[in-house]
There are 2 protein chains.
Amino acid sequence: MLTDASKPLYEVKANLFKGLAHPARIRVLEILSGAEEVSVAGLLTETGLEASNLSQHLGVLRRFLLVTAERRGSLVYYRLAHPEVAELLRVARSLLAAVLQDNRDRLEVADSLPALTELPR
Amino acid sequence: MLTDASKPLYEVKANLFKGLAHPARIRVLEILSGAEEVSVAGLLTETGLEASNLSQHLGVLRRFLLVTAERRGSLVYYRLAHPEVAELLRVARSLLAAVLQDNRDRLEVADSLPALTELPR
DNA sequence: TGGCGATATGATGGATCCGTCAAACCAGCA
DNA sequence: TGCTGGTTTGACGGATCCATCATATCGCCA
């Protein structure tokens, strides 16, 4: 599991990234980064996902201890389990910015990098 | 792909995390975080992986633009493509520390974690 | 109690990822 | 040229992940 201390750190860390490795989950975490808490209903309308699909992803995020859920009335409210999650997303974005920038600077390697061949324009 | 600007940002970001979501790749990136550059031979002995397995993972990291490779003589040297990669790993570690700490505070055993993550009834 | 809206869980087929084996490639050197 | 160590690539079975459908649970209210 994510928090199993018997595993080496790099394995636990890889696990963390695996928990983040899906667009729907990133979407949810970003929405939660911009608000104290959001109900599942709110996430549903903001993401446009199918209810059960969203719930699956929320389950993953819960199991990876990245979010917490609290039921009040008939709604369930989610929030980030730690502010560091938002921080991680910010750093990820700045890394992406660096990669993209760097990439624009040297388009000549395009032929050797499959990733580059799909670049627009 | 990782750098395809036509895709929404959260999808590109999820892709980045997918590139990081494996212990061997985390291991390599951490080794590269502590040195200017390391040859494949060096990575081989430090990680203990099979040559072709390591090469596969290096290929992934290259395709995701997280590392760069340069051949000098008969050896190939790898280095981080951007310092932000190391930064991302640091933030990931601090997030993990927070999760683990928070977890120890709430309950004792790591094995009972699934119960902790269940929804309140 | 029964029904309804909101959310979660279980099962299933299809896609993707992983480790390993075999083969190819590349740079130096005899 | 051919050999050798270092590195990459291609292919394949097995494992894991994903979206969807069907079903279950919870809290509320009539």
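Naming convention: chains lettered A, B, ... in sequence-line order (proteins, then strands); numbering from 1 in each chain.
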Axis-to-axis angle for the helix from C:dT1-D:dA30 to C:dA30-D:dT1, ends of five pairs each, to 10°, equals 0°
Rounded to the Å, how far apart are A:R63 CZ and D:dC17 C1'? 12 Å
B:L61 has an atom CG; how far is it from atom P of D:dT8, in whole Å? 11 Å
Would you indicate, yes or no, if D:dT25 has its OP1 or OP2 atom less than 4.0 angstrom from a side-chain nitrogen or oxygen of A:R71? no
Taking for each residue the nucleotide of DNA chain C bearing the nearest heavy atom, is the 5' side occupied by A:Q56 or by A:L75? A:L75
If you compare every side-chain N and O of A:H57 against the phosphate oxygens of D:dC17 (OP1, OP2), does one of them come in below 4.0 Å? no
Separation of D:dC17 C1' from B:N15 CG (nearest whole Å): 15 Å
Would you mind telling me which of C:dT7, D:dC17, D:dT7 lies closest to the side-chain atoms of A:A51? C:dT7
For the hydrophobic clusters of this structure (ILVMFWY residues joined by side-chain heavy atoms under 4.5 Å, transitively), does one cluster hold both B:Y77 and B:L58? no
Of the nucleotides D:dC17, D:dA19, D:dT20, which one has an atom closest to the side chain of A:K18? D:dC17
Given atom CD of B:E70 and atom P of D:dG6, what is their separation to the nearest angstrom? 19 Å
Choose from C:dC17, D:dT7, C:dG10 the nucleotide whose nearest atom is closest to any side-chain atom of A:S52. C:dG10
Given D:dG10, C:dT7, C:dC17, which nucleotide is nearest the side-chain atoms of A:V40? C:dT7
Could you tell me the separation between the CD1 atom of A:I26 and the P atom of D:dC18, rounded to a whole number of Å? 12 Å
Determine, stepwise, if the pair A:L96 / B:L9 fulfils side-chain contact (heavy atoms from CB on, under 4.5 Å). CA-CA 9 Å; A:L96 278 180; B:L9 185 59; 4.2 Å; yes
Donor-acceptor pair, A:R25 side chain versus A:G19 backbone, under 3.5 Å? yes
Distance in angstrom units between A:Y78 OH and C:dA6 C1', rounded: 12 Å
Is B:S55 near enough to D:dT8 that one of its side-chain N or O atoms lies under 4.0 angstrom from OP1 or OP2? yes
Taking the nucleotide of DNA chain D with the nearest heavy atom to each, does A:R72 or A:A24 sit closer to the 5' end? A:A24
A:N53 CG to D:dC18 C1': how many Å, rounded? 8 Å
Is any NZ, NE, NH1 or NH2 atom of the basic residue among A:R93 and A:E30 found under 4.0 Å from an Asp or Glu carboxylate oxygen of the other? no
Mapping A:G59 and B:H22 onto DNA chain C by nearest heavy atom, which one lands closer to the 5' end? A:G59
Length of the line joining B:Y77:OH and D:dG6:P, which is rounded to integer Å: 12 Å
Which heavy atom in A:L95 sits nearest to a heavy atom in B:L88, and how many Å separate them? CD2-CD2, 4.0 Å
Locate the shortest heavy-atom distance separating A:R62 from A:A69; write the atom from each residue and the value. CD-CB, 4.2 Å
Give a yes or no on whether the backbone of B:L29 and the side-chain of B:S33 come within a donor-acceptor separation of less than 3.5 Å. yes
Can you tell me how far apart NE2 (B:H22) and NZ (A:K18) are? Round to the nearest 0.5 Å. 7.0 Å
